[in-house]
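Just so we're clear, the structure is a prediction, and the values are computed from it rather than from any experiment. Start at 1 and go down the list; that is how both ligands and their atoms are numbered.
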Amino acid sequence: MKKTKNTKQDILKLLKENKIISGEKIAKILSISRTAVWKHIKDLKRKGYLIKATPKGYSLIDNGDLLNEEELAYLPYKVYYYKEVTSTMDIAKEIAEKGEEALIIAETQTKGKGRMGRFWYSPKGGIWMSLVIKPSFSLKEAYLLTYIASLATALAIEKIAGIKVFLKWPNDIIYKENDKEKKLAGILLEVKAEIDKIDYAIIGIGINVNNEISSLVPEAISLKEILKKELKRKDIIKELIKEFKDLLKVESIKILNLWKDKSLTLGRKVKIIHPEGEKMGLALDISDDGALLLKTEDTKILKIYSGDCIHLRNFL
Ligand code: BTN
């Protein structure tokens with residue numbers, strides 16, 4: 001077996017590869033003492049792994065939907081995993097200020113943040129994570145990150161859950177159930193920049209996977225409700241990060257075209273709500289600099305860079 005620098009990781013690999021394996025054999029393969037093996041096994045159990053000790057050796061019981069640094073060790077970002085946080089955005093900010101790139105994941109958030117200062121309900125079973133990156137983008141191109149993140153999230157959900165999803169401007173991932181549009185996931189972007197250079201970007205991603213949906217958010221839905229079964233969250237995370245990294249290399253015009261192909265907003269009559277007020281009109285297109293082009297009733301074409309979008313039933 002090819003050893004890594006992380007003994008716990010190696011033990012986990014051996015446990016996954018063998019139905020049953022003795023402490024003696026693990027110790028021999030990894031050239032460590034049996035006491036060291038025992039200590040690592042104890043630690044793995046503490047992290048949530050169900051490991052049965054039998055007279056013939058250790059046996060790992062399938063842990064289903066476990067998320068932790070070990071399970072996500074193969075991601076291209078350093079992973080920080082927490083059982084509970086206020087918001088992964090808060091931890092991400094501390095890490096970003098130290099100049100690191102990383103992925104912060106939590107089982108639950110007590111003060112989950114949604115867009116426009118809303119509360120984001122984050123119970124057990126969902127994917128609540130923030131990705132800290134230092135992109136080589138100019139500030140003008142920062143808008144691309146939400147398009148990239150929502151596309152990557154949609155593509156990962158489609159691949160792992162096997163369902164079709166759509167995008168609502170600016171960055172909601174939507175499932176269409178009969179005629180109703182239900183929100184599966186949302187993206188929150190925070191950027192720190194100087195003049196024209198991005199210092200770091202924090203991309204918050206919330207996906208309703210195996211979690212219950214609060215009755216306070218009737219417009220939301222989880223993958224478990226759609227599929228009537230639970231999914232392994234790590235499969236979605238791995239796919240999402242892969243798509244995200246790939247899309248980071250794609251030209252901006254192509255990103256916008258991919259986004260438009262999955263959009264539910266374009267061609268619709270919409271209401272845009274933002275701090276300065278509300279605007280109604282036809283969502284025409286996305287401009288090259290990432291704005292929503294809105295044709296209002298007095299036939300002006302407005303460029304909208306931020307706000308909340310409500311899809312209205314009737315076309316203009
Ligand atoms: C939205 O309003 O649609 C954006 C929701 C973003 C939620 C995610 S969950 C992980 C990260 N931490 C937070 O507090 N918010 C984002």
Would you mind finding which of Ile187, Ile205, Ile104, Leu189 brings a heavy atom closest to atom 4 (C) of ligand 1?
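Residue with the shortest heavy-atom distance to the ligand atom: Ile187.
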Between Thr88, Thr86, Ile105, Val85, which one has a non-hydrogen atom sitting closest to atom 10 (C) of ligand 1?
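Checking each option, the heavy atom nearest atom 10 (C) of ligand 1 is found in Thr88.
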In terms of side-chain heavy atoms, does Thr88 have a donor or acceptor partner in Gln109 at a distance below 3.5 Å?
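Yes.
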Please determine whether salt bridge (charged side-chain N to carboxylate O under 4.0 Å, His left out) holds for the pair Lys140 and Asp289, giving the CA-CA distance in whole Å, both sets of side-chain angles, and the decisive distance to 0.1 Å.
CA-CA 8 Å; Lys140 273 199 232 130; Asp289 60 349; over 6 Å; no
Is the closest heavy-atom distance from Ser122 to ligand 1 below 4.0 Å?
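No, Ser122 has no heavy atom closer than 4.0 Å to ligand 1.
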State, without any angle test, whether Trp38 and Tyr58 hold a side-chain donor-acceptor pair at a distance under 3.5 Å.
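No donor-acceptor contact under 3.5 Å links the two side chains.
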Side-chain H-bond candidate by donor/acceptor type, Glu97 with Tyr200, under 3.5 Å
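Distance-only check passes for Glu97 and Tyr200.
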Evaluate salt bridge (charged side-chain N to carboxylate O under 4.0 Å, His left out) for Asp308 paired with Arg118, printing each intermediate quantity in order.
CA-CA 11 Å; Asp308 242 6; Arg118 278 189 295 255; 2.6 Å; yes
Which atoms of ligand 1 sit under 4.0 Å from any heavy atom of Ser130?
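Atoms satisfying the 4.0 Å criterion: 11 (C).
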Ligand 1 versus Asn171: contacting region, heavy-atom distance under 4.0 Å:
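Under 4.0 Å from ligand 1, Asn171 contributes no heavy atoms.
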Between Phe166 and Lys168, is there a cation-pi geometry (under 6.0 Å to ring centre, at most 45° from the normal)?
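Judged by the rule (NZ or CZ under 6.0 Å from the ring centre, within 45° of its axis), Lys168 is not positioned above Phe166.
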Selection from Arg118, Glu190, Lys183 by shortest heavy-atom distance to atom 3 (O) of ligand 1
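Looking at heavy atoms only, Lys183 sits closest to atom 3 (O) of ligand 1.
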Numbered atoms of ligand 1 (with element) below 4.0 Å of Gln109, judged on heavy atoms
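Those atoms are 9 (S), 10 (C), 11 (C), 12 (N), 13 (C), 14 (O).
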Quick check: Lys113 and ligand 1, any N/O pair under 3.5 Å apart?
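Yes, there is a polar N/O contact under 3.5 Å.
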Lys47 versus Tyr49, side-chain donor and acceptor atoms under 3.5 Å:
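Their side chains do not contain a donor-acceptor pair, so the 3.5 Å distance test is not met.
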Can you name the atoms of ligand 1, numbered from 1 with element, that are less than 4.0 Å from a heavy atom of Arg115?
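This gives 1 (C), 2 (O), 4 (C) as the contact atoms.
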